[in-house]
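Since the structure is predicted, the reported quantities are computational estimates derived from the model, not experimental observations.
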Amino acid sequence: TSRRVTIYAEILHRLRIVVIDKMAKPEEVIIVEDDDGNIVREMTKDTEVIAQYKTMRETIIYLTHLNYEDTEAIMLVKLELQIDGGEFTWNGLNTLCWAIGSISGAMGELDEKRFLVTVIKDLLRLCEEQRGKDNKAVVASNIMYIVGQYPRFLRAHWKFLKTGVNKLFEFMHEPHPGVQDMACDTFLKIAQKCKRKFMTIQTDEHQPFILTLIGELHRHIGDLQPHQVQAFYEAVATMLSDKGQAIPLSRDETVVSLMTLPNASFQDILAKGNQEVGAMFQLDMVKELQKIIRTNTRVCGAVGSIFIHQLSNIFVDMLNVYGLYSGHILEACQQQGEVATRYTLYKAMRGVKAEILDLLTAFFENISDLDNGPQIMMTTFMPPICQEILTDYQKTVPSARDARVLKLFGAAIGFLREHLSPEIPLIMNAVFEPTLEMITKNMMDYPDHRTAFFAFLRQANTHCFYGLFSIPPQQQKLVVDSVVWAFKHTERNISETGLEILFELLQNVSQSMDVAQPFHQQFLLPLIQDIIGIMTDRLHKSGFKQQATVLQHMFHILQTEKLVVALSDASSGLSAPVAADGSIDNKTFVKEYVGNLLLTSFPNLSQDQIVAFVVGLFEISQDLQAFKQHLRDFLIAVKEFANEDNSELFTEETEANLELQRQQQMQYKASIPGLLTPQEIYDEDPDL
């Protein structure tokens, strides 16, 4: 191999130059040169360019492995020409820096250090020397891109990390379009990969850098837009998520300190509202509340369970705001009709309510490690949440109901599990029928409610099954009917969620004989009919794997004779016969029932074919793979399926092959330094 490398050395050298000169733009870079030669912020991602970049990135990594000295020499010569050789051009610097950022991890650590120290120093000098906003923006974007691509280097060299972060803070005051966005994005990326460096005391520092950063936070965010401020807060919160034992500061106190500015703004708005309640209904105040709560949500998602110290500070006031706006919106709808929800002010109020729901949902999703979490939540937080939010959802008009309420209670069930079981009837009473009324009128209205409702129902079924079945019998039937409605839905994700809920429901039911017998007597036969119905309607092929799993479970119940009550067909008045010894022949009854159903539906199939199929459903009901193949053979024999593309019946196998290929590809990439991007590398315990 070395001989071939020597033979092709000149060609490989020229190839390196071509790839560097023509390097495509990475996804992370959002400052570009437009068709008119102006430097602007990119508004959309060019997927073709991204695909081209990935190919070129892999190419230059392989070329670097073949001869990293040559790659480094070419890059440094080109950089020198850009800085001191009088050849500075936007395109030349961009392609060079994109190539430099692309070989992160491809060199040894010492070689990478020597190379990067030169590159970053030269780029910082170039940034100081350049005149003109566009020139500075181009250099700034390249510095930010390279800094964000080399977390291993930054973790090993505190001075460069600190210099780079301080340079990002400078760029956060640069008004050129895209520079501030990129500075905030890069800051977040660095925070995720180097968090411990900011949380521990470094050489020549008297305190962890995060405390210095929080102390100067008002200065750093002074020129940022709201979404950039929120990204900045998320970055600092990401540092705080580090739980290392060597961290000398109190994370609980630090998260409250981080939120000093938003908390002061929140209290200022509330104080004005206390003096004159009308101030709470001014559009600028409402929008400011949205921003404050959104900032809290970003911090909560990043920092985890210690956010409880911040949430405790604002929780009561926040729910009071929720109640105030709920009442105001309801009153407007009563006076002006549901159209009021579309007016600017009321939309903004609904926006505040939505942000509160997002914050509470994020909290439930990120506190799995909270000590005594369920007890604290059930005693302190859940009663007022249920009182305020459920009451509003139940009594408000449909267009003012937010699907986030369903997501919130789904998240609450996911965290609290059986602790919330006693409250399930109360929750179901508030959300169940009002939501069903909205989503079952047709298959299109309220898509968010549709998805969130079945996700909520799945959580309740998985974690609070006995609470779910302590609701009145009429509502229990509504639950099953709604699940049937879901898996018959033509939208794939809703249909699949419905099937998942049904399978988990059947499994839960089977664990209790007291629940199982009446449930199966009432629902098993109609469910078999409904599942066979969607399996043979050609609209739900993609759900074949789950359909087969559910059907196998139901036939397995019949085959193992766990069912001791007689099944009946309400439409025909027939029921399973009772033998002289008192046993019930449900198997024969279901065989005849399913056989007649199929004979009626598929006249092109002979009676022998259908009998063989139905008998097979029972005989192989313990082997899922054989059961699936039996179903596939039958479906392909059906005339409606015969001339169609039936590849979706084999989706499970296709997805398994794709996943295997993906894993093999990741293993291959991991075996070659540099092929995995810094973001794809999981640093389980960085900075140690």
Side-chain angles (χ1 to χ4, degrees), residues 255-256 259 262-263 266-267 269-271 273-274 277 280 286 289-290 292-294 296-297 299-301 305-331 349-367 370-396 400-432 434-435 452 456 459-460 463-464 467:
V255 73
V256 175
M259 301 308 291
N263 286 350
F266 188 47
Q267 291 305 319
I269 291 171
L270 295 178
N274 286 332
V277 73
M280 297 296 293
V286 178
L289 279 172
Q290 268 186 282
I292 292 167
I293 297 165
R294 193 173 297 162
N296 274 272
T297 305
V299 169
C300 176
S305 58
I306 61 169
F307 188 78
I308 193 169
H309 300 284
Q310 162 63 8
L311 184 63
S312 300
N313 286 339
I314 62 172
F315 179 70
V316 174
D317 289 331
M318 192 171 70
L319 276 192
N320 287 338
V321 169
Y322 192 98
L324 177 68
Y325 286 169
S326 295
H328 206 61
I329 292 167
L330 181 59
E331 189 180 323
M349 288 182 190
R350 289 176 63 206
V352 172
K353 290 174 62 182
E355 294 297 343
I356 292 171
L357 293 169
D358 281 343
L359 173 56
L360 294 172
T361 303
F363 185 63
F364 277 113
E365 290 174 345
N366 289 281
I367 56 168
L370 180 65
D371 292 337
N372 298 318
Q375 290 78 10
I376 293 169
M377 296 306 296
M378 287 303 298
T379 54
T380 308
F381 293 95
M382 282 310 294
I385 286 174
C386 289
Q387 173 63 34
E388 196 63 67
I389 294 174
L390 287 180
T391 305
D392 171 55
Y393 189 88
Q394 188 172 20
K395 70 183 182 182
T396 196
R401 287 190 190 122
D402 198 323
R404 291 174 180 85
V405 172
L406 301 167
K407 290 181 185 174
L408 167 60
F409 282 94
I413 292 170
F415 174 68
L416 296 167
R417 305 196 171 193
E418 68 277 1
H419 296 277
L420 201 56
S421 273
E423 304 301 322
I424 290 295
L426 169 72
I427 297 169
M428 291 292 283
N429 186 52
V431 305
F432 195 69
T435 309
F456 158 77
Q459 290 280 28
H463 301 302
C464 303

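- Atom CG of residue L289 and atom CG of residue L270 lie 7.0 Å apart, to the nearest 0.5 angstrom.
- Taking the side chain as every heavy atom from C-beta outward, L330 and D392 never approach each other to under 4.5 Å.
- Listed here is the closest heavy atom pair of I367 and S305: CG2-CA, 3.7 Å.
- For the side-chain contact (heavy atoms from CB on, under 4.5 Å) with L359, the lone residue among L408, N296, V299 that qualifies is N296.
- At least one side-chain heavy atom of F456 sits less than 4.5 Å from a side-chain heavy atom of I427.
- Judged by distance alone, the side chain of Y325 and the main-chain N or O of M280 form a donor-acceptor pair under 3.5 Å.
- Taking the six-membered ring where tryptophan is involved, the planes of F315 and F381 are perpendicular, since the angle between them exceeds 60° and thus also 30°.
- Of all non-hydrogen atoms in P374 and L416, the two that sit nearest each other are CA-CD2, 3.6 Å.
- Shown here for A400 and I329, the closest heavy-atom pair between the two residues is CB-CG2, 4.3 Å.
- Among K353, E388, R350, K395, the single residue meeting the side chain to side chain donor-acceptor pair (under 3.5 Å) criterion with S326 is K353.
- A heavy-atom distance below 4.5 Å is found between the side chains of L360 and M318.
- Nearest heavy-atom pair across E418 and P422 is O-CD, 3.9 Å.
- Using a 4.5 Å heavy-atom threshold, the side chains of R401 and V431 count as separate.
- Atom OG1 in T361 sits 10.5 Å away from atom CG in N366 (nearest 0.5 Å).
- Taking CE of M382 as the reference point, atom CG of L420 lies at 5.0 Å (rounded to 0.5 Å).
- Using a distance-only test at 3.5 Å, with no hydrogens or angles considered, a donor-acceptor pair links the side chain of T379 to the main chain of I376.
- Using a 4.5 Å cut-off on side-chain heavy atoms (C-beta onward), V321 and I293 make no contact.
- Around atom CD of Q387, no more than 12 heavy atoms belonging to other residues, nucleotides or ligands sit under 6.0 Å away.
- Closest approach of H419 to M378, counting heavy atoms only: O-CE, 3.5 Å.
- The heavy-atom pair separating E355 from Q290 by the smallest distance is CG-O, 3.9 Å.
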Start with the C-alpha distance between I308 and F363, add both sets of side-chain angles, then the distance that settles side chain to side chain contact (heavy atoms under 4.5 Å, CB included), and finish with yes or no.
CA-CA 8 Å; I308 193 169; F363 185 63; 3.7 Å; yes
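- Atom-to-atom distance recorded for E423:CD and N429:CG is 12.5 Å, nearest 0.5 angstrom.
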